[in-house]
Amino acid sequence: MPPRVPYAVRALLAVVPGVLLWLAFPTHDLWWLAPVAVALLGAVTIDVGGRRGFVLGLLAGWAFFVPVLSWSGIYVGKVPWFALATLEALYLALMCAVVGFVGQRLRPRWGDSAYAVIPLAWVAQELARGTTPFGGFPWARLAFSQADSPLANVAQWFGAPGVTFAVAVVGTELLLAASVARSQPRFAAVQLGLSVFFVALIGVLLVPPVDGRQVTVAMVQGNVPRPGLDFNAERRAVLDNHVRGTERVGERVASGDLGERITEPLSLVVWPENSSDIDPIRNPDAAAQVQRAVSAVGVPVIVGAVLQEPQPDVSNVSLLYRPGGGEPERYVKNHPVPFAEYIPYRSFFRNFSDKVDLVTKDFAKGTDLGAFRVDAPSGGYWALPTICFEVAYDGLMRESVTQPGKDAGLILVQTNNATFGYTAESEQQFAISRIRAIEHGRSVAHVSTVGVSGFIAPDGSASGKTGLFTAEQRVGSVAIRTDRTLADTLGPWPEWLASAALLVLLGYTVAVGRGARVGRPEPARPRRTVVD
């Protein structure tokens, strides 16, 4: 963007890429707007310096995060919603400050090569946002807007950070083309052509494999009496809904009505998070209901439950019940959500909102990864439980999938979206699960109390998708694969290297600035006239 563009105009233009980013995400699903947004934000900030870049990035961040995270305030009010949106927007502001600082100092020396800072900054920004504070909040990353895009296939090589980098590279190519469109129209056309070719090539050549032995799995979406924070006020009704849904699955199994494509016997039934908020370990009636469901299908059932332990805290868990009774195996959620499942510094944050007291007991943090062994006619496999927002955390998902000796894994995403009503949150989370399927080369069973639920193949394609706030059951044949993806092998190295490259570039930029000041001639000092 020409330097002569007034700062006030830039401020207005900074809002546009934020809105475009929002439209790239579910439920708008205009994924191709994400690289356009990267290009526009880069154009607005690349030559303005650090301070102005920060302000422009903050404006873009608000324009993006306020609408994309609107579900976070649907029942708790505007203060928590805007607080979260502002926190996330600050990371975008810092990113734009770096882009503005580097671009202003290096473009006179490097020319358009200085644009390389943009994709590096996007990866580093998302790494910081996904890890800080309180473990971070890696929602609404560029990668998670690309579930329907050919660029999603990059996930199998370089993970979700690689998808973000690819989106930002395409956006930077668009910016480069626009910057030379007047002076070098042919070169601009070549740049646009390269961008389209790059996206198409990834879509054609990097299609993830979906082969694998087939196992049959059922999911039960039981629904709740009403949406909202008191979704489980009738906890027994929610439990009963899932028991009845499981019994319907059992009836289909008994009648052989599982569908033409399903040839293997049922091996597992999965319930969502919060399907039994009555502790089935301590409450005999709840335990009897769960066993009733297990008996109806004759296969293991994985239940999302809340346990009244360790006192005075509670635990969000996945419990595996096997036919014949016995103590269930368990997985305790490793990453409870701050301000939703536990309140850090409760007395301090109560000064801003009394909604913190809606969390009457903090959820304890689990320390062990989950893996349940399931038998099937085609061979045993491992069910790898992930609870709700855990699916957004790269490291946790990678550690789960790469557990030694558990390569034949099916990823389970058990979630409860009742507290977010009829918003885009459910679809946003489902899109994350689709990226994870590609990233790890594994099938995913994504099941919610209220929707959306569905099966996801290792190439990210979905089947058996349910609606919102409906009671539905799905039985599907899923592929069990054992091959690890390059993304699993590389782990966090791609985003670490990108962040390190950004730090080196930033350090070089600072050094260039100091060198320019050192080499600048001293201004002439006026002579003093001494008057006797």
Using 0.5 Å steps for rounding, measure from the CG atom of Leu142 to the OG1 atom of Thr164.
4.5 Å
Donor-acceptor pair, distance only, cut-off 3.5 Å: does the side chain of Thr415 make one with the backbone of Ser448?
no
Do Val217 and Val270 have side chains that get closer than 4.5 Å, going by heavy atoms?
yes
Within a strict 4.5 Å, meaning less than it, do heavy atoms of the Val306 and Phe363 side chains meet?
yes
State, to 0.1 Å, how close Ser318 and Gln414 come at their nearest heavy-atom pair, and which atoms those are.
OG-OE1, 2.6 Å
Would you give the length of the straight line joining atom CG of Leu412 to atom CG of Leu268, rounded to the nearest 0.5 angstrom?
6.5 Å
Rounded to the nearest 0.5 Å, what separates atom CD in Glu88 from atom CG in Leu92?
10.0 Å
Before giving the answer on side-chain contact (heavy atoms from CB on, under 4.5 Å), spell out for Ile387 and Tyr331 the whole-Å C-alpha distance, their side-chain angles and the decisive distance to 0.1 Å.
CA-CA 9 Å; Ile387 301 177; Tyr331 163 69; 3.9 Å; yes
Can you find a pair of side-chain heavy atoms, one from His440 and one from Asp488, that are under 4.5 Å apart?
yes
Taking side chain as C-beta onward, heavy atoms only, is Pro280 less than 4.5 Å from Leu307?
yes
So Phe137 and Trp139, would you call those rings parallel, tilted or perpendicular, with 30° and 60° as cut-offs?
parallel
Is a side-chain N or O of Arg213 found less than 3.5 angstrom from the main chain of Gly379, in a donor-acceptor match?
yes
Residue Trp382 excluded, over 12 heavy atoms near CH2 under 6.0 Å
yes
Euclidean distance, Arg141 CZ relative to Leu21 CG, rounded to 0.5 Å:
14.0 Å
Residue pair Gln221 / Thr470, side-chain donor-acceptor N/O under 3.5 Å:
yes
So does Arg481 pair up with Asp211, basic N to acidic O under 4.0 Å?
yes
Between Asn417 and Glu425, is any side-chain donor less than 3.5 angstrom from a side-chain acceptor?
yes
Kindly say whether Ile343 contributes a backbone atom to a donor-acceptor pair with the side chain of Asp362 at under 3.5 angstrom?
yes
Any side-chain donor-acceptor pair under 3.5 Å between Thr449 and Asn274?
no
Hey, are the side chains of Val299 and Val269 touching, using non-hydrogen atoms and a 4.5 Å cut-off?
yes
Any donor-acceptor N or O pair under 3.5 Å, side chains Trp62, Thr86:
yes
Under a 3.5 Å distance rule, please check whether Glu495 uses its side chain to pair with a backbone N or O of Trp493 as donor and acceptor.
no
Sidechain-backbone polar pair: Asn223 side chain, Val450 backbone, donor-acceptor under 3.5 Å
no
Closer than 4.0 angstrom, basic N to acidic O: yes or no for Arg330 and Glu309?
yes
State, yes or no, whether a side-chain contact exists between Val238 and Pro225 at a heavy-atom distance under 4.5 Å.
yes
Evaluate side-chain contact (heavy atoms from CB on, under 4.5 Å) for Leu58 paired with Leu90, printing each intermediate quantity in order.
CA-CA 6 Å; Leu58 186 61; Leu90 286 171; 3.9 Å; yes
Under the criterion side-chain contact (heavy atoms from CB on, under 4.5 Å), I'd like the reasoning laid out for Val224 against Asn241: C-alpha separation, chi angles, the key distance, then a yes or no.
CA-CA 8 Å; Val224 299; Asn241 286 351; 5.8 Å; no
Pick from Trp71, Trp81, Phe469: which one makes a ring-ring contact (aromatic ring centres under 6.0 Å, His included) with Phe420?
Trp71
Spacing of CG belonging to Asp29 relative to CD belonging to Glu427, to within rounding of 0.5 Å
7.0 Å
What closest approach, in Å, do Ser400 and Leu384 show between heavy atoms, and which atom pair accounts for it?
OG-CB, 3.6 Å
Side-chain heavy-atom pair Asp240, Gln289 within 4.5 angstrom cut-off
yes
Val154 side chain reached by Ile202 side chain, heavy atoms, under 4.5 Å:
yes
Under the 3.5 angstrom rule, does the side chain of Ser275 hit a backbone N or O of Gly304 as a donor-acceptor pair?
yes
Step through it carefully: locate the ring centre of His335, locate the ring centre of Phe389, and say whether they are under 6.0 Å apart.
no
Tell me the closest heavy-atom pair linking Pro67 and Ser70, and the distance in Å.
O-OG, 3.0 Å
Once you round to the nearest 0.5 Å, how far does CG of Asp368 lie from CD of Gln403?
9.5 Å
With the threshold set at 4.0 Å, does a side-chain nitrogen-carboxylate oxygen contact exist between Arg322 and Glu329?
yes
Ignoring hydrogens and angles, state whether a donor on the side chain of Thr216 or Glu264 is under 3.5 Å from an acceptor on the partner side chain.
no
Do Ser461 and Asp459 pair up side chain to side chain, a donor and an acceptor below 3.5 Å, judged on atom types alone?
yes
Sequence neighbours excluded, the answer for side chain to side chain donor-acceptor pair (under 3.5 Å) partners of Arg373 is none
Qualifying residues under salt bridge (Lys or Arg N to Asp or Glu O under 4.0 Å), relative to Lys78, sequence neighbours excluded:
none
Any side-chain donor paired with an acceptor under 3.5 Å for Ser433 and His446?
yes
Which ring pair (Phe, Tyr, Trp, His ring centres under 6.0 Å) pairs, counting each pair once, include a residue from residues 261-280, with sequence neighbours left out?
His242-Trp271
Donor-acceptor under 3.5 Å (Ser426 side chain, Gly451 main chain):
yes
Using a strict cut-off of less than 4.0 Å between a Lys/Arg side-chain nitrogen and an Asp/Glu carboxylate oxygen, indicate whether Glu390 and Lys333 qualify as a salt bridge.
no
For Phe25, which of Phe64, Phe430, Phe65 qualifies under ring-ring contact (aromatic ring centres under 6.0 Å, His included)?
Phe64
Of the non-hydrogen atoms in Val123 and Ala498, which two are nearest, and what is the gap between them?
CG1-CB, 3.8 Å
Verify the distance criterion only: is there a donor paired with an acceptor across the side chains of Thr485 and Gln156 at less than 3.5 Å?
no
Closest non-hydrogen atoms of Tyr393 and Gly136, given as atom of the first, atom of the second and distance, are OH-O, 2.7 Å
Please determine whether a side-chain nitrogen of the Lys or Arg among Glu472 and Arg474 lies less than 4.0 Å from a carboxylate oxygen of the Asp or Glu.
yes
Residue pair Leu151 / Ala166: nearest heavy atoms and the distance that separates them:
CD2-CB, 4.2 Å
Does atom NZ (Lys365) have a neighbourhood of more than 12 heavy atoms from anything else shown, all under 6.0 Å?
no
Looking at Arg398 and Asp394, is any side-chain nitrogen of the basic one under 4.0 Å from a carboxylate oxygen of the acidic one?
no
Determine whether Phe144 and Arg436 satisfy the following criterion, side-chain contact (heavy atoms from CB on, under 4.5 Å), listing intermediate values before the conclusion.
CA-CA 9 Å; Phe144 298 155; Arg436 294 306 185 201; 3.8 Å; yes
